[in-house]
2 protein chains.
Amino acid sequence: MQESIGTLVVAGVGLIGGSFALGLKRAGRVGHVIGVGRSPENLRRALELGVVDEVAQDIAAVAGRADLVLLATPVGQMGALMQALSTTLAPHAIVTDAGSTKGDVVALMRAHLAPHLARCVPAHPIAGSDLSGATAAQYGLYENRKVVLTPLAETDSDACNTVGALWQACGARIERLAPLEHDAIFAAVSHLPHLLAFAYVDMIARKPNAARCFDFAATGFRDFTRIAGSHPEMWRDIALANREALLDELATYRATLEQLEAAVSTGDSARLTETFDTARAARVAWNQRFMRQG
Amino acid sequence: MQESIGTLVVAGVGLIGGSFALGLKRAGRVGHVIGVGRSPENLRRALELGVVDEVAQDIAAVAGRADLVLLATPVGQMGALMQALSTTLAPHAIVTDAGSTKGDVVALMRAHLAPHLARCVPAHPIAGSDLSGATAAQYGLYENRKVVLTPLAETDSDACNTVGALWQACGARIERLAPLEHDAIFAAVSHLPHLLAFAYVDMIARKPNAARCFDFAATGFRDFTRIAGSHPEMWRDIALANREALLDELATYRATLEQLEAAVSTGDSARLTETFDTARAARVAWNQRFMRQG
């Protein structure tokens with residue numbers, strides 16, 4: 001296991017990738033950071049801000065120098081990136097990612113990096129935000145946050161432990177899950193609420209009296225809809241990448257909502273109280289634990 | 001119009017009623033505050049904390065001394081309170097409320113306080129929170145918050161202006177709406193998201209792997225579900241009191257969600273992006289305005 005890394009190539013220099021680079025730099029765990037991205041303007045800002053030391057638009061041009069590659073783009077771009085990596089990667093180089101879905105990343109790794117699977121470490125840092133771009137990169141983003149590793153059967157423990165150690169150097173706590181278990185859990189606790197929030201704000205925005213509605217929206221609305229300010233392309237990719245699990249959760253939610261709608265419609269006071277009580281008790285207990293442990 | 005009030009009777013000494021009393025006390029706009037409630041323990045705390053100067057469990061025993069009565073209980077208790085008030089109220093006494101729905105409060109006022117409508121001022125301070133009880137009462141809760149007045153045709157302007165001036169003394173900004181317009185707007189921006197959040201947490205709490213899900217829930221989950229920690233009885237009353245408008249919003253939301261579900265199911269990437277883009281743009285624009293103006 002390596003405690004530090006020579007050259008890091010980060011594809012996608014935004015909140016997630018940029019904050020990882022900054023975290024490693026502050027901890028003295030990285031020698032040189034190369035940022036790769038589609039937007040020259042974003043790369044220029046990343047250089048100016050000291051998030052990266054060098055930039056490139058084509059990952060194939062720099063991947064051969066990488067000791068570690070972090071794919072921190074929307075999942076939809078990862079296949080092409082892996083394909084570009086496959087021919088240039090040094091044998092010892094570790095490939096990891098920061099995607100919010102893991103079944104699809106595992107499948108892409110198997111498709112594009114088959115000879116390199118021992119050095120592939122699928123990972124998911126749980127530090128979402130509605131911010132994006134290099135200017136969103138920040139020290140301390142991963143402080144006390146969870147990072148879930150979902151190693152393949154083929155992943156060697158040295159690669160897995162190195163990736164874990166680097167995230168720990170950024171302040172994160174490491175968890176391990178099987179890829180499918182990861183995707184089922186995150187469909188429920190993250191992907192579904194994002195979809196619900198996007199749908200809700202979209203609905204309000206299309207109302208004839210939308211402006212009037214927005215005038216009177218307050219703190220409850222603010223918190224409930226914060227995640228609807230998230231990156232549309234990233235969340236489209238997540239919704240499609242984790243389609244099966246997300247559709248399962250959507251079906252369950254729709255059924256729950258229909259029951260609640262029936263209770264409102266028929267004035268079933270007991271049913272409403274029971275649902276609201278269950279929800280409140282669970283939310284209060286969760287929040288106490290979350291505030292204590294993160 | 002009176003700039004201050006002699007004796008205030010607050011029915012329901014929780015976050016909303018208690019913070020109104022504290023705000024008026026700090027501004028020197030009230031002489032004496034009598035707290036009325038069902039829980040002796042909560043009343044005792046309200047006395048200890050200086051939120052009220054005197055307590056009573058039966059509103060009929062103290063209402064005759066009121067210059068202003070604020071009904072700050074869940075809407076479901078207001079009918080009985082108004083009935084108790086009706087026989088003891090002094091002719092000059094103003095009756096106002098802090099209910100989140102207004103059509104039903106207006107109907108209750110018409111039913112129980114018919115001879116007194118000139119002094120009835122239905123109102124809604126927009127300062128929700130998941131906190132409740134006398135210990136939640138706080139100075140400054142209404143600072144820069146909106147209070148919506150929905151006066152009746154019969155309400156005299158002196159009563160309406162007095163209630164407005166008292167809320168302004170607490171730091172609030174006054175808006176006026178017709179009761180039905182109020183209820184339609186708040187069904188959309190407040191009551192629907194509360195129902196959606198309660199339904200969501202209830203659904204997660206009932207999953208076989210609920211504990212595991214809660215383990216990985218993070219900041220997005222925290223914000224999206226904050227309002228599911230709200231007062232179950234209060235929200236049951238709101239859902240039933242504003243049933244028609246809420247069912248309209250629920251139907252529209254369900255249709256939006258079904259379209260989104262179809263887009264996920266068929267992999268309609270363009271549709272997902274369009275919805276997410278619309279939602280994000282609206283949320284970002286709203287938040288900028290809200291942070292500036294409240």
Side-chain angles (χ1 to χ4, degrees), chain A residues 126 128 185-186 188-190 193 195-205 207 212-214 216-218 220-229 232 235-236 239-240 243 246-247 250 252-254 256-257 260-261 264-265 267 269 272-273 275-280 282-284 286-287 290, chain B residues 126 128 185-186 188-190 193 195-205 207 212-214 216-218 220-229 232 235-236 239-240 243 246-247 250 252-254 256-257 260-261 264-265 267 269 272-273 275-280 282-284 286-287 290:
Chain A
I126 306 170
I185 289 172
F186 283 86
V189 301
S190 172
L195 220 74
L196 299 180
F198 279 127
Y200 171 70
V201 178
D202 178 68
M203 166 199 156
I204 299 293
K207 286 177 82 74
R212 204 85 179 112
C213 285
F214 284 130
F216 288 96
F221 178 94
R222 178 195 64 201
D223 293 348
F224 183 75
T225 62
R226 182 183 61 78
I227 53 178
W235 282 95
R236 178 202 64 195
L240 296 178
R243 187 188 304 194
L246 181 55
L247 288 172
L250 268 167
T252 311
Y253 185 70
R254 199 153 37 76
T256 306
L257 202 57
L260 210 53
E261 197 171 345
V264 173
S265 179
S269 176
L272 291 177
T273 305
T275 304
F276 295 177
D277 273 340
T278 304
R280 185 201 209 188
R283 174 55 171 70
V284 167
W286 176 84
N287 195 48
F290 187 71
Chain B
I126 306 170
I185 289 172
F186 283 86
V189 301
S190 172
L195 220 73
L196 299 180
F198 278 128
Y200 171 69
V201 178
D202 177 68
M203 166 199 155
I204 299 293
K207 286 175 83 73
R212 204 85 179 114
C213 285
F214 285 130
F216 287 97
F221 178 95
R222 178 194 63 202
D223 294 348
F224 182 76
T225 62
R226 181 183 62 77
I227 53 179
W235 283 94
R236 178 202 64 196
L240 296 178
R243 187 187 307 195
L246 181 55
L247 288 172
L250 269 167
T252 311
Y253 185 71
R254 199 152 37 77
T256 307
L257 202 57
L260 210 54
E261 197 172 344
V264 173
S265 180
S269 176
L272 291 178
T273 305
T275 304
F276 295 176
D277 273 340
T278 303
R280 183 200 210 189
R283 173 55 170 72
V284 167
W286 175 84
N287 194 48
F290 186 70

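Order of the sequence lines sets the chain letters (A, B, ...), proteins ahead of strands, with each chain counted from 1. All heavy atoms count here, side chains included; hydrogens, waters and symmetry mates do not. What you see is a predicted model; the values in this text were computed from it and never measured.
By number of non-hydrogen pairs under 4.5 angstrom with chain A, the leading residue of B/L240, B/L250, B/V264, B/L246 is B/V264. Listed options A/C213, A/A205, A/P193 were ranked by heavy-atom pairs under 4.5 angstrom with chain B; first place goes to A/P193. Interface remark: of the candidates B/I204, B/V201, B/V284, B/V201 forms the most heavy-atom pairs closer than 4.5 Å to chain A. With chain B as partner, the option from A/A197, A/A282, A/S265 having the largest number of non-hydrogen pairs under 4.5 angstrom is A/S265. Taking chain A as the reference chain and counting heavy-atom pairs below 4.5 Å, the highest number among B/A228, B/G220, B/A279 is found for B/A279.
The distance from atom CZ of B/F221 to atom CG of A/N287, rounded to the nearest 0.5 Å, is 9.5 Å.
Of the two parts of A/L260, only the side chain, counted from C-beta on, holds a non-hydrogen atom closer than 4.5 Å to a non-hydrogen atom of chain B. Using a 4.5 Å cut-off between heavy atoms, B/D277 contacts chain A through both its backbone and its side chain. Proximity to chain A involves both the backbone and the side chain of B/L196, based on heavy atoms less than 4.5 angstrom apart.
For the pair A/R280 (side chain) and B/I227 (backbone), a donor-acceptor distance under 3.5 Å is absent.
Across every non-hydrogen atom of A/W286 and B/R222, the tightest pair is CH2-CB, 3.5 Å. Here the shortest heavy-atom pairing between B/F216 and A/V189 reads O-CG2, 4.0 Å. Nearest approach of A/A199 to B/T256, heavy atoms of both residues: O-CG2, 3.6 Å. Nearest heavy atom pair, residue A/R283 against residue B/G229, reads CG-N, 3.9 Å. The shortest heavy-atom contact between A/R243 and B/G267 is NH2-CA, 3.7 Å.
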Full working for side-chain contact (heavy atoms from CB on, under 4.5 Å) between B/L195 and A/F276:
CA-CA 8 Å; B/L195 220 73; A/F276 295 177; 3.4 Å; yes
